[in-house]
Amino acid sequence: MTPQELSEHLHSCVHAAISVGQLVLDINDVPHVIVVERPKNLEHGDWATNVALQISKKAGLNPRQAAEILLPYVLDTDGIESAEIAGPGFINIRLSKASQGELVLDIVEAANSYGKSDSLAGKSFNMEFISANPTGPLHLGHSRWAAVGDAIARVLEAHGAHAIREFYINDRGVQMDKFGASTRAAALGQPIPEDGYHGAYIPVLAKEIVANDPQIVDLEEPQRTIAFREAAYELQLADQKRVLDLFNTHFDVWYSERSLHESGAVDVGFAKLREQGHMFEDGGAVWLRTTDFDDDKDRVLVKADGELTYFASDTAYYVDKRARGFDVCIYLLGADHHGYVNRLRAVAACAGDEPDDHIEVLVGQMVKMMKGGEEVRLSKRAGNLITLEDLIDEVGVDAARYSLIRYPVDSPLVLDLDLLVQRTSDNPVYYVQYAHARIASVIRNAADLGVISADTQSWNPADFDPSLLADDREGQLIGLLADYPRVVTSAVELREPHRIARHLEEIATGYHRFYDACRVLPQGDEPATPLTISRLWLCAATRQTIFNGLELLGVSAPERM
RNA sequence: GCGCUCGUAGCUCAACGGAUAGAGCAUUUGACUACGGAUCAAAAGGUUAGGGGUUCGAAUCCCUUCGAGCGCGCCA
């Protein structure tokens with residue numbers, strides 16, 4: 001019995017108690033999904049439910065009384081070995097070995113689809129993240145969303161959603177001109193303008209631009225600066241793409257802000273807003289009345305001099321995304337942009353949408369990097385910036401992605417580079433990957449011994465006897481595997497993939513403990529036994545679950561390390 | 001000044017309103033002639049920043065004080 005089946009069964013228990021009048025309760029007051037969780041304290045059983053606590057008030061009972069009424073129904077179930085009331089009114093449930101062990105077969109059979117669902121089938125998400133200026137390398141500040149944004153998209157897809165990863169290129173405006181002027185100055189051996197870009201990458205770019213097109217230096221101004229700007233833009237954007245590919249984050253759409261203007265999307269967006277009646281003129285400028293929807297001030301779309309603001313692009317871009325058919329637009333912003341949350345939601349409202357349904361703005365806090373006990377400062381305009389590529393070079397893609405994903409994004413994060421490079425349990429990615437590689441090794445060895453085939457899909461389920469998996473650690477490991485789909489679901493709903501990473505760490509611990517206490521393969525000349533085979537099934541199910549989880553994080557699951 | 005986010009073990013961090021607030025690191029102590037020791041077992045470490053409130057139950061929700069980061073442009 002899976003926890004999902006148990007949850008559904010509990011629902012029917014409540015209904016049964018209502019139908020015979022033991023519980024006086026409106027059916028609508030029964031929670032739609034009854035929570036079934038692993039108790040923190042494993043002595044409490046395999047699963048626990050708080051359903052009695054949840055319905056007691058509506059039923060006019062205290063929680064323990066409600067639990068007393070439900071208990072006989074719970075006990076009278078195939079596969080449930082025991083159940084008892086504990087604490088304020090929890091019902092703790094212990095499954096029979098056979099019932100619990102069925103899950104192992106389910107996982108091996110489900111293979112790559114274990115933990116997936118179609119709960120979001122037919123729903124379409126636009127995930128916009130990073131969206132850096134193409135005026136420099138991606139740095140540490142971008143890296144958190146590069147990892148987490150991609151993981152959220154993977155998790156949405158695992159639940160059947162259509163999720164597009166979109167990078168908005170801020171290729172319009174004065175910062176591009178400063179970028180062009182900076183590379184031109186570097187190429188001509190002139191001092192870089194005070195308000196330009198001073199990173200060490202500028203002279204490198206300048207050299208490459210001139211190498212590609214030696215005549216560029218002979219152009220007249222202002223054509224020369226423009227030519228530098230465009231050449232630098234092209235090179236820098238290509239570099240950002242290259243590094244993100246390296247990082248295993250692949251964008252489906254690279255959307256240029258310029259193209260938004262060239263395609264007429266801005267006009268379309270303005271027409272939409274005008275139609276909704278939230279645009280007005282004041283002081284020669286055109287405004288959007290975002291204060292109608294919780295913004296703290298109205299925003300200018302067109303300046304008095306006729307120039308469009310950045311905000312104008314933002315609004316048009318939102319309208320354009322919705323016109324492209326996305327049900328939900330998710331924005332992943334850095335903490336320095338948290339002031340945008342209300343205005344973006346107001347944009348959606350001004351466009352006639354319901355912000356709670358069509359737009360989600362997630363804010364990620366800063367990442368700090370420590371090395372040798374000191375903070376490594378990063379500044380886009382200074383020479384010593386830590387780039388995403390530096391991070392990859394330093395610790396590798398897997399460790400970098402995993403370390404950025406395993407923490408919720410709403411707290412500032414401090415990473416210690418010295419620890420990240422260590423291949424110890426201090427670095428949880430290796431702990432999880434090691435468990436995977438270790439299992440792969442056991443199954444390889446089993447195949448070498450002729451105990452079983454290396455292809456788990458060809459194993460005969462009839463050889464698996466769950467009642468043999470009687471050790472506590474085996475039961476705990478199975479419970480952790482059973483809980484995995486629920487964890488993925490919560491990661492999807494809350495947009496918090498770190499939950500998966502944390503659960504994989506628990507599974508890895510569960511496996512190492514099992515491995516330490518329960519010998520899998522026969523020793524010496526001993527023959528393989530039914531227990532050997534049953535434990536190999538458990539190994540295979542564990543390997544599959546870890547593999548699936550790591551895939552959702554974009555981290556590799558090595559067979560060997 | 002206003003707003004947003006945050007404050008949990010020495011450090012880095014968990015905990016969807018649930019049971020005795022948990023991991024890792026660091027510290028101390030154990031376990032290999034066995035399938036990968038990149039492992040396992042154990043000890044110690046807490047007034048969840050302070051104070052009120054809400055309820056069967058609060059680190060979590062509300063109010064307040066203190067502290068930290070960030071943001072408040074007809075810039076992009």
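Proteins come first, then strands; the chains are lettered A, B, ... in the order of their sequence lines, and each starts at number 1. Please read all numbers here as calculations on a predicted model, not as lab measurements.
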Nucleotide nearest [X] (side chain, heavy atoms from C-beta), chosen from [options]:
X         : options                   : result
Asp336(A) : rA19(B), rC13(B), rG71(B) : rG71(B)
Met366(A) : rA19(B), rC70(B), rC74(B) : rC70(B)
Pro408(A) : rA38(B), rA14(B), rC35(B) : rA14(B)
Arg486(A) : rA38(B), rC16(B), rC35(B) : rC16(B)
Pro88(A)  : rA38(B), rC56(B), rU39(B) : rC56(B)
His338(A) : rC70(B), rC6(B), rA76(B)  : rC70(B)
Pro412(A) : rU12(B), rC75(B), rC6(B)  : rC6(B)
Asp410(A) : rC6(B), rA19(B), rC13(B)  : rC6(B)

Using a 4.0 Å heavy-atom cut-off across all strands, classify [X] as base, sugar-phosphate, or nothing.
X         : value
Asn50(A)  : base
Ala48(A)  : base
Gln365(A) : sugar-phosphate
Arg535(A) : nothing
Gly283(A) : base
Thr309(A) : sugar-phosphate
Leu413(A) : sugar-phosphate
Arg560(A) : base
Glu281(A) : nothing

Is there a Watson-Crick or G-U wobble partner for [N] with both distances under 3.5 Å, and if so, which one is it?
N       : value
rA41(B) : rU29(B)
rG24(B) : rC11(B)
rU60(B) : none
rG3(B)  : rC70(B)

Between [N] ([atom2]) and [X] ([atom1]): distance, integer Å:
X         : N       : atom1 : atom2 : value
Arg519(A) : rA31(B) : CZ    : P     : 21 Å
Asn41(A)  : rG18(B) : CG    : C1'   : 14 Å
Tyr197(A) : rA76(B) : OH    : P     : 13 Å
Glu37(A)  : rA15(B) : CD    : P     : 13 Å
Leu333(A) : rC72(B) : CG    : P     : 13 Å
Asp471(A) : rC40(B) : CG    : P     : 16 Å
Glu496(A) : rC13(B) : CD    : P     : 16 Å
Leu53(A)  : rA58(B) : CG    : P     : 13 Å

Looking only at side-chain N and O atoms, does [X] come under 4.0 Å of OP1 or OP2 in [N]?
X         : N       : value
Arg513(A) : rU39(B) : no
His498(A) : rC13(B) : no
Lys303(A) : rA76(B) : yes
Asn445(A) : rG36(B) : yes
Tyr431(A) : rC40(B) : yes
Lys57(A)  : rC56(B) : yes

[atom1] spacing across the pair [N] / [M], given as an integer number of angstrom:
N       : M       : atom1 : answer
rU20(B) : rA58(B) : P     : 11 Å
rU65(B) : rG24(B) : C1'   : 34 Å
rG7(B)  : rA15(B) : C1'   : 16 Å
rG10(B) : rA44(B) : C1'   : 12 Å
rU48(B) : rU64(B) : P     : 22 Å
rC35(B) : rG22(B) : C1'   : 31 Å
rG69(B) : rC61(B) : P     : 23 Å

| task | Would you verify whether the NZ or CZ of Arg38(A) falls within 45 degrees of the ring axis of Trp47(A) while also being under 6.0 Å from that six-membered ring's centre? | result |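 Yes, a cation-pi geometry.
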| request: Flag the pair Phe293(A) / His278(A) as yes when their ring centroid distance falls below 6.0 Å, and as no otherwise. | output: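 Yes, they do, as the ring centres are separated by less than 6.0 Å.
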Can you tell me if [X] and [Y] form a side-chain donor-acceptor pair at under 3.5 Å?
X         : Y         : result
Thr529(A) : Thr532(A) : yes
Asn427(A) : Tyr402(A) : no
Ser131(A) : Tyr255(A) : no
Thr135(A) : Gln175(A) : no

| query | So, His503(A) side chain and Leu480(A) main chain: donor-acceptor pair closer than 3.5 Å or not? | reply |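 Indeed, once roles are kept as given, a pair shorter than 3.5 Å links the two residues.
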| query | For the side chain of Tyr515(A) and the base of rA41(B), is some donor closer than 3.5 Å to an acceptor across the two? | reply |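 In this structure, the two groups form no donor-acceptor pair.
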| said: What I want to check is whether an N or O donor and acceptor connect the side chain of Asp516(A) with the base of rA31(B) at under 3.5 Å. | reply: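 Flag unset: no donor-acceptor pair detected.
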| said: Pair Asp356(A), Arg345(A) - check salt bridge (Lys or Arg N to Asp or Glu O under 4.0 Å), show working. | reply: CA-CA 8 Å; Asp356(A) 287 341; Arg345(A) 288 173 54 84; 2.8 Å; yes
